[in-house]
Amino acid sequence: MPEGPSIAILRDEASIFVGKRVSRAEGNAKIDMGRIEGQRVVDWRSFGKQTLIVFDGVYVRVHLLMFGSYLINERKDIAPRLGLTFRNGEIHFYNCSVKLLEGDPADSYDWRVDIMSDQWDEKFVRRKFRAMPEELVCDALLDQDVFAGVGNIIKNEVLYLCKVHPLSLVGDLPARKANEIVAQARAYSFRFLDWKKAHVLRKHWLVHNKGQCPVHQIPLSRGYLGHRKRRSFFCDLCQRRYTTE
DNA sequence: TATAATGTTTGAAC
DNA sequence: AGTTCAAACATTAT
C-alpha cells in the first residue's frame, strides 16, 4: 500500500474531513484519544509515507508501514488502530503506527524533500543527494531524509529508467546522471500516482517483481542489495555500474 | 500452504 | 561510542 503517491491519494480522499470536528476518536493505538476528541481538523497533510492529521497545537502521525490500510466510510472486521468519526463520515486505520505529537508539523518536516509536495525543491534535493557520495544509489533512493516518499518499487523502476546499476556509488555518478535520477524520482512518482488511481499500477512495472528485461528479454538480476537489504531487480545489460575507474 | 513483501523503530550485541 | 543486527508489528498475494 504505502509509498508516497499512495499516501497522497489518502490525503486527497480525506480532505473532506478538513475543517470538521472529531466527534469520536477510538482504536487500540496507545495515544490519548481525549486529546483530539472534539477538536477540529485544521489540515490533513502528507509527508513522504506519513499522514499528518493536524489539529490546533497537536497532530496525529500515521505510518502505514508495510501492511497498514485504511477505509473511509467502511469498516473491516478487525479492530482499528485508529478510528475518527466526523459529522460527514469516518475513517479507520488498521495495522499501522500511530503517534500523537505536540506542536506544529511545519516545525518538524521539510517539504522540500517530499517527492509529492508542491514545495519539492529539485536543487535542494540534488544537493542532498550529492552530499552522500559514499552511499550506494539503491540505499540513497530509500533515504527518507532525501527522497521522502520513495519506496522500493519507485527505487527499482527509477534505476531501470535511468539505466543505473543499483550498486553504483552516488559519488561515482556523473553529475548529469545524478540529476537525472533526482528528476526521474519525481516524475515517476507522479506516474505511479496516476496508475495507482486508475488501479493499473502493477501492469506498468518494468522490472519490479518481473522476471525479464523488457528490452533484452533476458532474465533480470535480483538481490537484497545495500545496507538496507531491500529487493532489487535490474538488468545487467541496460543498467551501468558506475565505478571510479 | 508456505513464503515473502510497497517499512520503520527499537534495543541488544558486538 | 558507533555499528550492526534481529525482533517486532501484522496482512495479503502468489
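Atom set for the values below is all heavy atoms of this structure, side chains included, hydrogens, waters and symmetry mates excluded. Only a predicted model underlies this, so the values are computations on that prediction, with no experimental measurement involved. Letters A, B, ... are given to chains in the order of the sequence lines, protein chains preceding strands, and every chain is numbered from 1.
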Measure from [atom1] on [X] to [atom2] on [N] and round the result to the nearest Å.
X         : N       : atom1 : atom2 : value
Arg61(A)  : dG7(B)  : CZ    : C1'   : 13 Å
Asn209(A) : dA13(C) : CG    : P     : 13 Å
Arg81(A)  : dT11(C) : CZ    : C1'   : 12 Å
Trp195(A) : dT6(B)  : CH2   : P     : 18 Å
Phe47(A)  : dG7(B)  : CZ    : C1'   : 15 Å
Ile7(A)   : dG7(B)  : CD1   : P     : 11 Å
Glu135(A) : dT3(C)  : CD    : P     : 12 Å
His63(A)  : dT6(B)  : NE2   : P     : 14 Å

Side chain of [X]: nearest nucleotide among [options]?
X         : options                  : result
Gln144(A) : dT8(B), dG7(B), dT11(C)  : dT8(B)
Lys229(A) : dT11(C), dC5(C), dT8(B)  : dC5(C)
Met66(A)  : dT14(C), dA5(B), dT10(B) : dA5(B)
Ile78(A)  : dT11(C), dC9(C), dT6(B)  : dT11(C)
Lys76(A)  : dT12(C), dT6(B), dA5(B)  : dT12(C)

Decide whether Arg230(A) and Asn156(A) meet the rule of one side-chain donor and one side-chain acceptor closer than 3.5 Å.
no
Can you tell me if Asn73(A) uses its side chain to pair, donor with acceptor, with the backbone of Glu90(A) under 3.5 Å?
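Yes; judged by distance alone, with no hydrogens or angles, the pair exists.
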side-chain hydrogen bond (donor to acceptor under 3.5 Å, both in side chains) between Tyr70(A) and Glu13(A), worked out
CA-CA 11 Å; Tyr70(A) 68 93; Glu13(A) 291 176 347; 2.7 Å; yes
What interatomic distance, in whole Å, is found between C1' of dC5(C) and the corresponding atom of dT6(B)?
23 Å
Would you measure the distance from the P atom in dA4(B) across to the matching atom in dA6(C) and give it in whole Å?
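Nearest-Å result for dA4(B) against dA6(C) at atom P: 15 Å.
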Taking atom CG as the centre, does Asp107(A) end up with more than 12 heavy-atom neighbours from other residues, nucleotides or ligands that are less than 6.0 angstrom away?
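Counting neighbours around CG of Asp107(A), more than 12 heavy atoms of other residues, nucleotides or ligands fall under 6.0 Å, so yes.
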Complementary nucleotide for dA13(B) - Watson-Crick or wobble, under 3.5 Å
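Paired with dT3(C).
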Could you tell me the Watson-Crick or G-U partner of dT6(B), where both distances fall under 3.5 Å? Say none if there is no partner.
none
A cation-pi test, strictly: NZ or CZ of Arg222(A) under 6.0 Å from the centre of the six-membered ring of Phe233(A) and no more than 45 degrees from its axis. Yes or no?
no
For [N], take OP1 and OP2 only and decide whether either is under 4.0 Å from a side-chain N or O of [X].
X         : N       : value
Arg231(A) : dA5(B)  : yes
Arg202(A) : dT14(C) : yes
Asn95(A)  : dC9(C)  : no
Lys49(A)  : dT6(B)  : no

Would you kindly compare Arg228(A) and Tyr224(A) by the position of their nearest DNA chain B nucleotide and give the one closer to the 5′ end?
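Closer to the 5' end of DNA chain B: Tyr224(A).
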Once you apply a heavy-atom cut-off of 4.0 Å, does His208(A) come out as touching a base, just sugar-phosphate, or nothing?
sugar-phosphate
Quick one: sort the Trp44(A) and Phe17(A) rings into parallel, tilted or perpendicular, breaks at 30° and 60°.
tilted
